[in-house]
**Q** 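Structure incoming, see below.
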Amino acid sequence: MEALYILVPLSVVLVFIAIWVFLRMSDGGQFDDMVGPAMRVVLDDDRAADDTRLADGAREASDVKKASDRQD
């Protein structure tokens with residue numbers, strides 16, 4: 001019976017810690033997108049990565065051109 005004097009407050013503290021961890025993860029965006037990461041594993045996006053690299057290269061080239069135009 002004396003064990004309950006320790007176990008009941010300990011369980012209450014553990015529940016509050018679990019709730020605090022859940023709220024902290026929820027505020028951190030852990031549960032914002034539940035489907036996206038799972039679909040990224042399934043989908044083969046090698047081509048998309050190449051396209052984004054090309055787009056980044058084109059964007060950098062246009063930025064360089066704009067900077068050179070401003071200097072002129």
**Q** Kindly compute the distance separating CG (Leu7) from CG (Leu14), expressed to the nearest 0.5 Å.
**A** 10.0 Å
**Q** Out of curiosity, does Leu4 fall in the hydrophobic cluster containing Leu10 (side-chain heavy atoms, cut-off under 4.5 Å, transitive links)?
**A** no
**Q** Between Arg40 and Asp33, is a side chain to side chain contact (heavy atoms under 4.5 Å, CB included) present by the stated rule, with each step listed?
**A** CA-CA 12 Å; Arg40 271 187 242 128; Asp33 186 13; 4.1 Å; yes
**Q** Is it true that Val12 and Trp20 fall in one hydrophobic cluster, defined by side-chain heavy atoms closer than 4.5 Å?
**A** no
**Q** Nearest 0.5 angstrom please: Asp27 CG to Asp32 CG, how far?
**A** 10.0 Å
**Q** For the hydrophobic clusters of this structure (ILVMFWY residues joined by side-chain heavy atoms under 4.5 Å, transitively), does one cluster hold both Leu23 and Val15?
**A** yes
**Q** Is there a path from Val21 to Phe16 through hydrophobic residues (I, L, V, M, F, W, Y) whose side chains come within less than 4.5 Å of each other?
**A** no
**Q** For Ser26 and Phe22, indicate whether the former's side chain and the latter's backbone hold a donor-acceptor pair under 3.5 Å.
**A** no
**Q** Take a 6.0 Å sphere around CZ of Phe31 and say whether it holds more than 12 heavy atoms from other residues, nucleotides or ligands.
**A** yes
